[in-house]
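Have a look at the structure below before the remarks.
Basis for what follows: all heavy atoms, side chains included, without hydrogens, waters or symmetry-related copies.
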Amino acid sequence: EIVNQIQLANKDSDLTSQFHHVFWMGDMNYRVEMEHAEAEPLIKAGQFNEILNQDQLTTEMRENGIMAGFKEAPITFAPTYRFKTGTNDYMRDRGRAPSYTDRILVKSTENSTIKCTAYNSADVRTSEHMPVYATYVVRCVRPHMSCFHKDQEPRPQFEFTSVKFLDQDHLMFKKPLIMMYTPFSEHAHKGKGMKTTTMTP
């Protein structure tokens with residue numbers, strides 16, 4: 001719903017598929033399905049994987065396809081919510097276990113290069129949340145030339161030595177169209193046919 005409401009780039013395709021890398025971060029408000037009394041000794045023992053096994057976001061991404069295409073670096077730090085402000089003590093919020101509500105996810109196109117070099121929490125105690133941070137090494141890639149900008153120079157040129165119809169079970173159109181696909185779009189883009197009454201595009 002959030003992605004659908006963002007008016008940016010190509011409005012006909014998924015916003016998160018139009019860039020080499022998309023970072024999604026913030027308070028996602030997913031909780032841990034565990035009681036506080038059960039989670040507390042695991043946190044003290046540093047057994048964070050046991051807690052993450054009950055993490056709602058991890059479960060939704062693994063089993064239900066939430067945030068499809070996004071990945072998260074391994075979590076090796078304690079839950080970051082909910083603290084008594086100004087302390088390192090967790091609040092006993094109706095018996096709920098401390099949770100990983102603050103997350104950083106990334107989605108990258110195929111054949112792109114990105115490496116997470118750090119993913120941790122910061123010792124800042126001015127809120128009920130302990131902030132998280134991540135650092136990445138990202139290879140800079142020259143933007144691809146778009147063939148859909150009318151005023152773009154130089155204009156891309158395509159040369160076809162032959163065109164073959166693989167299957168046809170209907171009447172031939174007088175003005176067939178060429179469908180263009182790009183690694184940044186999940187939808188095809190239609191090319192404009194020439195003004196002609198012949199069978200050529």
Side-chain angles (χ1 to χ4, degrees), residues 1-9 13-139 183-186:
E1 182 179 350
I2 294 176
V3 171
N4 291 337
Q5 295 299 319
I6 297 177
Q7 299 297 308
L8 182 66
S13 62
D14 177 12
L15 174 67
T16 65
S17 299
Q18 298 183 45
F19 306 95
H20 286 100
H21 307 286
V22 176
F23 296 90
W24 194 288
M25 63 192 78
D27 178 9
M28 300 189 184
N29 205 32
Y30 283 94
R31 304 300 180 89
V32 170
E33 298 285 355
M34 186 181 291
E35 295 296 322
H36 191 286
E38 183 182 0
E40 191 171 29
L42 295 175
I43 295 172
K44 291 181 178 179
Q47 297 179 358
F48 306 133
N49 284 336
E50 296 295 325
I51 300 174
L52 287 166
N53 286 337
Q54 303 299 322
D55 173 66
Q56 292 175 341
L57 178 59
T58 302
T59 301
E60 290 292 324
M61 292 178 66
R62 181 178 62 244
E63 300 180 1
N64 299 321
I66 296 297
M67 303 298 291
F70 281 86
K71 296 181 180 179
E72 183 177 25
I75 294 178
T76 58
F77 50 89
T80 58
Y81 179 83
R82 181 180 185 191
F83 288 95
K84 296 178 181 178
T85 303
T87 74
N88 282 329
D89 299 326
Y90 290 107
M91 296 179 62
R92 292 181 174 272
D93 183 14
R94 291 170 288 184
R96 289 180 177 177
S99 299
Y100 294 96
T101 59
D102 307 283
R103 312 289 276 268
I104 301 175
L105 310 177
V106 63
K107 180 178 180 180
S108 301
T109 57
E110 294 183 5
N111 301 322
S112 60
T113 302
I114 184 171
K115 179 181 179 181
C116 182
T117 56
Y119 188 26
N120 211 333
S121 59
D123 188 15
V124 179
R125 312 175 193 180
T126 57
S127 167
E128 296 175 344
H129 295 258
M130 187 82 76
V132 299
Y133 68 91
T135 58
Y136 295 86
V137 173
V138 180
R139 183 171 68 89
F184 302 103
S185 175
E186 295 182 350

### Task
Output the distance between atom NE2 (His129) and atom OG (Ser99), rounded to the nearest 0.5 Å.
10.0 Å
## Note on the structure
On a heavy-atom basis, the closest approach of Thr16 and Lys107 is OG1-NZ, 3.1 Å
#### Entry: Atom of Tyr30, atom of Thr101 and distance for their closest heavy-atom approach
O-CG2, 3.4 Å
### Message
If I take atom CZ from residue Arg96 and atom CD from residue Glu35, how far apart are they, to the nearest 0.5 angstrom?
### Response
10.0 Å
### Task
Kindly give the heavy-atom pair with the smallest separation between Ile75 and Glu72, and that separation in Å.
CD1-OE2, 3.5 Å
### Query
Hey, what do you get for CD (Glu110) to NE2 (His20), rounding to the nearest 0.5 Å?
12.0 Å
#### Entry: Parallel, tilted or perpendicular, as decided by the 30° and 60° cut-offs, for the rings of Phe83 and Tyr90
parallel
#### Entry: Non-hydrogen side-chain atoms of Lys115 and Val138 separated by less than 4.5 Å
no
### Query
So do the side chains of His21 and Phe19 get within less than 4.5 Å of each other, counting heavy atoms only?
no
### Query
So, Asn64 side chain and Ile66 main chain: donor-acceptor pair closer than 3.5 Å or not?
no
#### Entry: Listed partners of Thr117 passing side-chain contact (heavy atoms from CB on, under 4.5 Å), at least two apart
Thr135, Val137
### Task
Check whether the ring centres of Tyr119 and Tyr133 lie less than 6.0 Å apart, and answer yes or no.
no
### Side-chain heavy-atom pair Tyr100, Tyr81 within 4.5 angstrom cut-off
no
#### Entry: salt bridge (Lys or Arg N to Asp or Glu O under 4.0 Å) assessment of Arg103 paired with Asp55
CA-CA 12 Å; Arg103 312 289 276 268; Asp55 173 66; 3.0 Å; yes
### Message
Determine whether a donor-acceptor pair (N or O, by modelled atom type, separation under 3.5 Å) exists between the side chain of Ser127 and the backbone of Arg125.
### Response
no
### Query
Looking at CD of Glu128 and CZ of Arg82, how far apart are the two atoms once the value is rounded to the nearest 0.5 Å?
4.0 Å
Taking distance alone, no hydrogens or angles, what donor-acceptor pairs closer than 3.5 Å link side-chain atoms of residues 38-54 to residues at least two apart or in another chain?
residue: Glu40; atom: OE1; partner: Arg92; partner atom: NH2; Å: 3.1
residue: Asn53; atom: ND2; partner: Asn49; partner atom: O; Å: 3.3

### Message
So, using salt bridge (Lys or Arg N to Asp or Glu O under 4.0 Å) as the criterion, who are the partners of Arg31 when residues are at least two apart?
### Response
none
### Task
Tell me, with the steps shown, if Leu105 and Met28 meet side-chain contact (heavy atoms from CB on, under 4.5 Å).
CA-CA 11 Å; Leu105 310 177; Met28 300 189 184; 3.8 Å; yes
#### Entry: Asp123 side, atom CG; Met130 side, atom CE - distance, nearest 0.5 Å
5.5 Å
### Task
Please check if the side chain of Ser112 supplies one atom and the backbone of Ser108 the other of a donor-acceptor pair under 3.5 Å.
no
### Separation of Phe77 CZ from Asn120 CG (nearest 0.5 Å)
6.0 Å
### Exercise: identify the closest heavy-atom pair between Met25 and Ile104
CB-CG1, 3.9 Å
